[in-house]
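What follows is a single structure, written as structure tokens, with notes after it.
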Amino acid sequence: MSGNYIITIGREYGSGGLEIGQKLAEKLGIKCYDKELINLVAEKKGFKKEILEKADEKRGSSFIEPSGGFFPGRPSKTLPAFGAFGKTINDKVFLMESSVIHSLAREESCVIIGRCADVLLKDRDNVLTVFIQAPKDARIKRLAEQFQLSEEMAEKEVRRIDKIRSSYYQFYTDRKWGGRDNFDLVINSAALGIDNTVNLIKIAAEHKFS
């Protein structure tokens, strides 16, 4: 593959999306950005990491800024770049992460996990967009084993995190989270397994970017 290319991965909680992204990046010899985006934003924009972590991948709402300012309200959808120019901490974090994602797309090949990257980079030809899903029962079982949770607790976490991610994605993109029309590939990781899913995305990327 020649030139810079980006693979974005949206994921249901418990589907293994992060593990898939990390393994894919390793196979391709590129970086995978998930929480690493927080470090980049903190470094480039001068925000405290603790503030970024609290607002990361969460939709805008009423937050208190460190300065004590109070900024309620949703960003106006009439403005460009999704209209995400509100004044909540969440909106500002979204904007800063968006800026870093655009910079990464210009500067290097990489895998980006979540953060509406599929829509942020929708006008670029060098992007493969992927959504990883799996049946809820399979995700509950995977999380229960991974974190040594009861199935009841795992199910609560699946519902909670999926709701947060869905709300965040729809809020900043006005699109349905996980909608098949939004992605080049929608893959059931439970049907294929983690490694086969990685290989499938790798083949698709090689085909698209060759």
Side-chain angles (χ1 to χ4, degrees), residues 1 3-11 13 17-26 28-61 63 65-67 69 71 74-77 79-132 161 164-175 177 182-184 201 205 208-209:
M1 294 185 284
N4 288 351
Y5 61 90
I6 308 294
I7 301 170
T8 71
I9 297 182
R11 72 285 188 223
Y13 189 56
L18 176 57
E19 183 181 356
I20 288 164
Q22 291 170 334
K23 287 188 172 184
L24 176 66
E26 185 177 355
L28 293 171
I30 59 179
K31 291 182 180 179
C32 177
Y33 291 98
D34 177 41
K35 296 299 183 184
E36 294 80 4
L37 282 170
I38 294 174
N39 297 331
L40 286 177
V41 170
E43 178 185 330
K44 292 177 181 291
K45 306 296 183 180
F47 252 62
K48 290 184 178 180
K49 187 176 176 181
E50 295 78 12
I51 296 172
L52 298 174
E53 287 174 339
K54 288 180 181 178
D56 183 43
E57 282 202 287
K58 296 181 180 69
R59 59 166 284 174
S61 58
F63 272 75
E65 285 214 75
S67 62
F71 299 100
R74 186 196 193 290
S76 168
K77 290 168 63 174
L79 295 172
F82 314 41
F85 287 84
K87 293 184 177 180
T88 69
I89 289 291
N90 302 62
D91 297 338
K92 291 180 178 182
V93 171
F94 175 77
L95 283 172
M96 289 186 290
E97 289 187 338
S98 299
S99 175
V100 169
I101 286 169
H102 280 293
S103 295
L104 290 172
R106 290 191 299 268
E107 296 167 2
E108 63 179 271
S109 297
C110 61
V111 175
I112 299 175
I113 307 295
R115 280 86 182 173
C116 304
D118 57 293
V119 184
L120 280 168
L121 304 177
K122 63 183 176 62
D123 294 326
R124 291 181 173 271
D125 295 329
N126 64 334
V127 179
L128 177 70
T129 60
V130 180
F131 190 83
I132 306 297
I161 301 298
I164 289 171
R165 290 178 179 174
S166 176
S167 178
Y168 169 85
Y169 186 87
Q170 185 169 338
F171 184 75
Y172 287 113
T173 71
D174 199 30
R175 295 187 180 192
W177 181 66
N182 297 344
F183 301 93
D184 299 320
I201 300 171
K208 180 168 185 176
F209 302 131

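Numbers for residues simply follow the sequence, beginning at 1.
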*Option among Leu40, Asn39, Leu95 that satisfies the side-chain contact (heavy atoms from CB on, under 4.5 Å) test with Val100*: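 Of the listed residues Leu40, Asn39, Leu95, the side-chain contact (heavy atoms from CB on, under 4.5 Å) partner of Val100 is Leu40.
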
_Residues, nucleotides or ligands: over 12 heavy atoms within 6.0 Å of Glu53 CD_ =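 Yes, the 6.0 Å shell around CD holds more than 12 heavy atoms from other groups.
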
[X] and [Y]: which non-hydrogen atoms are nearest, and at how many Å?
{"X": "Ile113", "Y": "Gly21", "value": "CD1-CA, 4.1 Å"}
{"X": "Cys32", "Y": "Ala25", "value": "CB-CB, 3.7 Å"}
{"X": "Arg11", "Y": "Gly17", "value": "CB-CA, 3.8 Å"}
{"X": "Ile7", "Y": "Ala205", "value": "CD1-CB, 3.8 Å"}
{"X": "Cys116", "Y": "Thr173", "value": "SG-CG2, 3.7 Å"}
{"X": "Ala117", "Y": "Ile112", "value": "CB-CG2, 3.7 Å"}

Measuring only between side-chain heavy atoms, which start at C-beta, is [X] closer than 4.5 Å to [Y]?
{"X": "Tyr5", "Y": "Ile30", "answer": "yes"}
{"X": "Ile89", "Y": "Lys54", "answer": "no"}
{"X": "Gln22", "Y": "Asp34", "answer": "no"}
{"X": "Tyr169", "Y": "Asp118", "answer": "yes"}

Interatomic spacing from [atom1] in [X] to [atom2] in [Y] - rounded to 0.5 Å:
{"X": "Ser166", "Y": "Arg59", "atom1": "OG", "atom2": "CZ", "value": "10.5 Å"}
{"X": "Leu104", "Y": "Leu120", "atom1": "CG", "atom2": "CG", "value": "11.5 Å"}
{"X": "His102", "Y": "Leu121", "atom1": "NE2", "atom2": "CG", "value": "6.0 Å"}
{"X": "Asn182", "Y": "Thr8", "atom1": "CG", "atom2": "OG1", "value": "10.5 Å"}
{"X": "Ile132", "Y": "Glu19", "atom1": "CD1", "atom2": "CD", "value": "11.5 Å"}
{"X": "Leu18", "Y": "Lys23", "atom1": "CG", "atom2": "NZ", "value": "11.5 Å"}

_Just checking Phe131 against Trp177, ring centres under 6.0 Å apart?_
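Centroid distance Phe131-Trp177: below 6.0 Å, so yes.
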
*Val119 and Lys122: side-chain contact (heavy atoms from CB on, under 4.5 Å), yes or no, with the steps?*
CA-CA 5 Å; Val119 184; Lys122 63 183 176 62; 4.0 Å; yes

*Do Lys58 and Val93 pass the side-chain contact (heavy atoms from CB on, under 4.5 Å) test, and can you show the C-alpha distance, the side-chain angles, and the key distance before you say yes or no?*
CA-CA 9 Å; Lys58 296 181 180 69; Val93 171; over 6 Å; no

*Judged by modelled atom types alone, do Tyr172 and Asn90 share a side-chain donor-acceptor pair under 3.5 Å?*
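There is no such pair between these side chains.
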
*Just jot down the side-chain contact (heavy atoms from CB on, under 4.5 Å) partners of Asp184, sequence neighbours excluded, or say none.*
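Counting only residues at least two positions away or on another chain, Asp184 forms a side-chain contact (heavy atoms from CB on, under 4.5 Å) with Leu128, Thr129, Lys208.
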
*asked:* Run Glu36 and Arg115 through salt bridge (Lys or Arg N to Asp or Glu O under 4.0 Å) and show every step you take.
replied: CA-CA 12 Å; Glu36 294 80 4; Arg115 280 86 182 173; over 6 Å; no

*Could you go step by step and tell me if Asn4 and Arg106 meet the side-chain contact (heavy atoms from CB on, under 4.5 Å) rule?*
CA-CA 7 Å; Asn4 288 351; Arg106 290 191 299 268; 5.9 Å; no

*Check against side-chain contact (heavy atoms from CB on, under 4.5 Å), Ile201 and Val111*: CA-CA 11 Å; Ile201 300 171; Val111 175; over 6 Å; no

